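Beneath this line is the structure, given in structure tokens, with notes to follow.
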Amino acid sequence: MTRTIVESKTKTAVIGFDEPFCVIGERINPTGRKILSEELERDDFSRVEADAIAQAAAGANILDVNSGAVFSNKMAEDPRYADNNFVEPMLMPEMIRRIQAVTDTPLCIDSSVPGALKAGLEACEGRPLLNSVTGEEERLEMVLPLVKQYNVPVVAISNDDTGISEDPDVRFAVAKKIVERAADFGIPAHDIVVDPLVMPIGAMATAGLQVFALVRRLRDELGVNTTCGASNVSFGLPNRHGINNAFLPMAMGAGMTSAIMNPVALAVNQTKIAEKKAQVMAAGIILPDDIDDETFVTLFGLGSTLPRPGKEMEAIRAANLLTNNDAHGGSWIQFNKVGATAGEATSGRRGGRRRRA
């Protein structure tokens with residue numbers, strides 16, 4: 001059976017048909033994260049390190065590292081900083097070094113800049129996943145030689161010079177083209193992880209059905225592993241976690257073997273805590289002076305002040321159990337033991353902090 005091996009210096013992640021679903025943590029990405037971009041511009045990597053630790057703790061098997069930061073202030077001083085071909089090859093290896101210093105989780109090097117991919121490959125210990133190649137001729141000629149030279153697996157995205165097709169047959173044909181071109185370079189199909197491109201269900205009602213059918217074809221006809229940007233399916237809709245929680249096990253049932261996603265339920269911020277406290281006080285509930293934030297948010301169902309596994313991780317672990325990819329249910333039992341222990345501790349805090357009339 002097809003198995004794609006991704007390694008750090010000391011740990012191995014396997015993407016495979018008969019393996020537990022592989023979670024590729026997406027958080028280390030400055031695209032759309034203005035604060036992270038600003039920190040990276042100041043050579044502050046503390047958030048990168050914290051995101052790496054939190055995602056690994058939440059169960060990510062691989063960590064995606066994207067260096068697409070925008071350095072607005074430096075850009076004003078030096079026009080070269082407006083060019084990602086200048087910024088990313090410098091930034092990527094430093095991000096990788098910082099991450100490898102705090103976790104041994106295998107990495108996925110993510111960039112549209114070939115120079116950044118090469119710099120990341122040189123800095124990375126082990127056998128990282130490369131993200132990504134497309135069916136565009138220029139991209140094939142730039143990325144596939146790197147894949148062969150460094151003997152690494154690669155994510156293949158099903159779009160080409162004509163763009164992203166809404167026709168699943170076209171997207172399959174692009175994937176097949178990439179697999180065949182990779183073979184010309186001596187790259188085996190088990191080192192190709194195809195992203196069939198998940199469309200937003202809010203814009204295309206058949207998006208879910210399309211990707212499930214595509215994944216089956218990619219598995220049965222090309223023998224390749226698959227991945228996707230899991231949250232794309234719920235874009236623009238309310239209760240996105242609810243949709244994602246249903247989509248992931250269904251995709252797994254169709255044969256999808258990995259996803260690029262956020263494994264962490266983000267911590268409740270101080271603004272939300274303050275707003276809820278104001279509501280509680282307005283309702284006439286008097287809180288103890290010494291109540292801590294974690295007890296408060298747990299008591300009123302806001303979540304946690306600490307990063308923890310998201311609901312999507314619960315759905316994936318349950319699906320692993322149901323598809324017999326969790327030996328003796330060990331992972332599911334351990335996951336819920338941790339949750340039960342946290343719940344018992346929380347119950348103890350609640351018991352001593354009842355509201356006063």
Side-chain angles (χ1 to χ4, degrees), residues 1-28 49 51-66 92-93 95-110 117 120-133 146-156 182 186-195 219 223-228 230 248 252 255-264 309 313 316-317 319-321 323-335:
M1 300 298 285
T2 299
R3 299 170 82 245
T4 304
I5 307 299
V6 184
E7 296 175 318
S8 68
K9 189 175 182 179
T10 58
K11 187 177 286 186
T12 298
V14 182
I15 307 173
F17 295 168
D18 293 320
E19 298 288 335
F21 193 73
C22 184
V23 174
I24 304 171
E26 69 179 7
R27 289 284 297 164
I28 306 172
E49 293 164 348
D51 281 343
I53 293 168
Q55 289 183 105
N61 307 104
I62 299 171
L63 299 178
D64 188 85
V65 186
N66 185 297
M92 178 67 82
M95 292 176 73
I96 287 173
R97 282 190 285 268
R98 297 296 185 112
I99 294 164
Q100 289 178 154
V102 297
T103 179
D104 61 352
T105 304
L107 301 183
C108 174
I109 303 170
D110 183 358
L117 295 177
L121 286 166
E122 291 174 349
C124 200
E125 299 170 338
R127 189 177 197 251
L129 177 63
L130 208 62
N131 189 6
S132 58
V133 68
L146 286 176
V147 174
K148 178 61 177 178
Q149 178 185 351
Y150 288 89
N151 185 29
V152 294
V154 64
V155 174
I187 301 164
H190 65 249
D191 275 340
I192 309 293
V193 182
V194 173
D195 182 347
R219 174 174 173 152
V224 293
N225 281 307
T226 46
T227 195
C228 70
L248 283 163
M252 292 168 67
M256 187 169 283
T257 48
S258 69
I260 301 171
M261 54 178 281
N262 179 14
V264 181
M313 293 300 293
I316 287 169
R317 291 177 190 273
N320 280 335
L321 177 64
T323 54
N324 197 30
N325 283 318
D326 178 4
H328 310 294
S331 178
W332 178 254
I333 292 167
Q334 182 60 34
F335 179 75

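Fair warning: this is a prediction, and the values are worked out from it, not measured in the lab.
I109 is not listed as a side-chain neighbour of L129, based on a closest heavy-atom distance of 4.5 Å or more. In this structure, the side chains of Q100 and C124 come closer than 4.5 Å at one or more pairs of heavy atoms. With a 4.5 Å cut-off on side-chain heavy atoms, C22 and I62 count as touching. In this structure the side chain of P20 never reaches within 4.5 angstrom of the side chain of D326, judged on heavy atoms. Counting only heavy atoms from C-beta outward, the side chains of V133 and V147 never approach each other to under 4.5 Å.
Atom CE of M261 is separated from atom CD1 of I24 by 10.5 Å, given to the nearest 0.5 angstrom. Atom CG of L130 is separated from atom CG of L117 by 4.5 Å, given to the nearest 0.5 angstrom. Separating the OG1 atom in T2 from the CD1 atom in I192 is a distance of 11.5 Å, to the nearest 0.5 Å. Between the CG atom of N131 and the CG atom of D64 there is a distance of 5.5 Å, given to the nearest 0.5 Å.
Among residue pairs with one or both ends in residues 14-23, those qualifying as salt bridge (charged side-chain N to carboxylate O under 4.0 Å, His left out) are R3-E19; sequence neighbours excluded.
For E122, the salt bridge (Lys or Arg N to Asp or Glu O under 4.0 Å) test picks out K118, with sequence neighbours left out. The side chain to side chain donor-acceptor pair (under 3.5 Å) check on D195 picks up nothing, with sequence neighbours excluded. Not a single salt bridge (Lys or Arg N to Asp or Glu O under 4.0 Å) links R219 to another residue, sequence neighbours left out. A search for side chain to side chain donor-acceptor pair (under 3.5 Å) contacts involving T257 returns N225, not counting sequence neighbours. Taking N324 as the reference, nothing meets the side chain to side chain donor-acceptor pair (under 3.5 Å) condition, with sequence neighbours excluded. The side chain to side chain donor-acceptor pair (under 3.5 Å) test applied to N61 returns no partner, not counting sequence neighbours. Remark: S8 engages T10, K11, D104, P106 in a side chain to side chain contact (heavy atoms under 4.5 Å, CB included) (not counting sequence neighbours). Scored by the side chain to side chain contact (heavy atoms under 4.5 Å, CB included) test, E26 finds I260, N262 as partners (sequence neighbours excluded). Scored by the salt bridge (Lys or Arg N to Asp or Glu O under 4.0 Å) test, R97 finds E94 as partners (sequence neighbours excluded). Taking the side chain to side chain contact (heavy atoms under 4.5 Å, CB included) definition, one finds that A57 meets it with nothing, sequence neighbours left out. Partners of T12 by side chain to side chain contact (heavy atoms under 4.5 Å, CB included), not counting sequence neighbours, listed by chain and number: I5, E7, V14.
Of the possible polar contacts, none joining the T226 side chain to the V193 backbone as a donor-acceptor pair under 3.5 Å is found. E49 places no side-chain N or O within donor-acceptor distance of the main-chain N or O of V102, the cut-off being under 3.5 Å. With hydrogens and angles ignored, the 3.5 Å screen pairs a side-chain donor or acceptor of Q55 with a backbone N or O of R27. The backbone N or O of F21 lies less than 3.5 Å from a partner atom in the side chain of N320, making a donor-acceptor pair.
Pairing each heavy atom of N151 with each of D191, the nearest pair is OD1-OD2, 4.3 Å. Between P309 and F335 the shortest heavy-atom distance is CB-CE1, 3.8 Å. When all heavy atoms of M313 and A58 are compared, the pair lying nearest together is CE-O, 3.4 Å. Across all non-hydrogen atoms, the minimal contact from G120 to M92 is CA-CG, 3.8 Å. What you find for L63 and A56 is that their closest heavy atoms are CD2-N, 4.4 Å. A319 approaches M252 most closely through the heavy-atom pair CB-CE, 3.5 Å.
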